[in-house]
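Numbering of residues begins at 1 and proceeds along the displayed sequence. One-based numbering, in listed order, for ligands and for the atoms of each. Not measured: the values here are computed from a predicted model.
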Amino acid sequence: MPTPASPTSPTIFTRIIRGEIPCHQVYRDEQVLAFLDINPIAPGHTLVIPIEPAATMDALSDESAAALGRVLPRICRAVCAATGCADYNLLQNNGAAAHQAVFHVHVHIIPKPAHAHGHGSGLGIDWPARAIDHAAAAELARRIATHL
Ligand code: AMP
């Protein structure tokens with residue numbers, strides 16, 4: 001079971017940032033690092049992480065979030081150019097129940113190869129949607145807004 005990031009138990013991504021564990025680096029600046037996922041679900045599957053060791057997105061500082069957001073489109077373009085994939089997904093998991101395994105914020109860039117099936121075909125999505133209840137939604141939107 002993975003444990004949250006803490007000063008005494010650095011995650012594997014903090015150890016990569018420190019250079020203690022190797023990675024296939026594609027980008028680095030003072031606030032952001034990007035490298036290839038070690039178990040890709042498509043060729044070019046890339047992880048983009050803040051240097052700041054926040055465990056989940058809601059814990060990330062505005063400064064690191066801005067740095068991450070600023071560079072993401074550029075890295076997406078580079079992944080697309082290198083893989084020849086025009087289509088791709090961004091995935092960002094928070095919490096064990098939401099499939100987060102490494103408790104250091106990371107954005108997956110996952111190319112979606114055309115006509116690929118099975119291994120290496122990119123992200124498959126279960127999307128259990130149904131029509132919104134507008135009365136409940138109005139109240140929920142108001143409640144979320146009060147927390148901002
Ligand atoms: P998540 O389920 O969103 O927490 O995804 C964590 C990702 O980190 C997985 O896709 C792993 O394959 C990847 N990963 C774990 N260790 C390493 C590593 N040492 N280098 C590169 N990617 C890694």
A side-chain contact here means heavy atoms from C-beta on lying under 4.5 Å apart; do Tyr27 and Arg74 qualify?
yes
So do the side chains of Thr46 and His108 get within less than 4.5 Å of each other, counting heavy atoms only?
no
What protein heavy atom sits nearest [atom], and how far off is it?
atom: atom 23 (C) of ligand 1; value: Ile38 CG2, 3.5 Å
atom: atom 7 (C) of ligand 1; value: Asp37 OD2, 3.5 Å
atom: atom 2 (O) of ligand 1; value: His99 O, 2.6 Å

Atom indices of ligand 1, in the order listed, that fall short of 4.0 Å to a heavy atom of [X]:
X: His106; answer: 1 (P), 3 (O), 4 (O), 5 (O), 6 (C)
X: Leu36; answer: 21 (C)
X: Asn93; answer: 1 (P), 2 (O), 3 (O)
X: Asn39; answer: 12 (O)
X: Leu47; answer: 8 (O), 13 (C), 22 (N)
X: Ala101; answer: 1 (P), 2 (O), 4 (O)
X: His108; answer: 1 (P), 3 (O), 5 (O), 7 (C), 10 (O)
X: Ile16; answer: 18 (C), 19 (N), 20 (N)

Side chain of His106, backbone of Gln100: donor and acceptor closer than 3.5 Å?
no
Hey, is the main chain of Leu60 close enough, under 3.5 Å, to the side chain of Ser64 for a donor-acceptor pair?
no
Can a side-chain donor-acceptor contact be found between Asn94 and Gln92 if the only test is distance below 3.5 angstrom?
yes
Nearest candidate to atom 15 (C) of ligand 1, where distance is taken over non-hydrogen atoms, out of Phe103, Phe35, Phe13
Phe13
Nearest 0.5 angstrom please: Glu139 CD to His134 NE2, how far?
15.5 Å
Between Phe103 and Thr11, which heavy-atom pair has the shortest distance, and what is it?
O-CG2, 3.5 Å
Test side chain to side chain contact (heavy atoms under 4.5 Å, CB included) on Val32 and Ile51; report intermediate values, then the result.
CA-CA 5 Å; Val32 177; Ile51 301 299; 5.7 Å; no
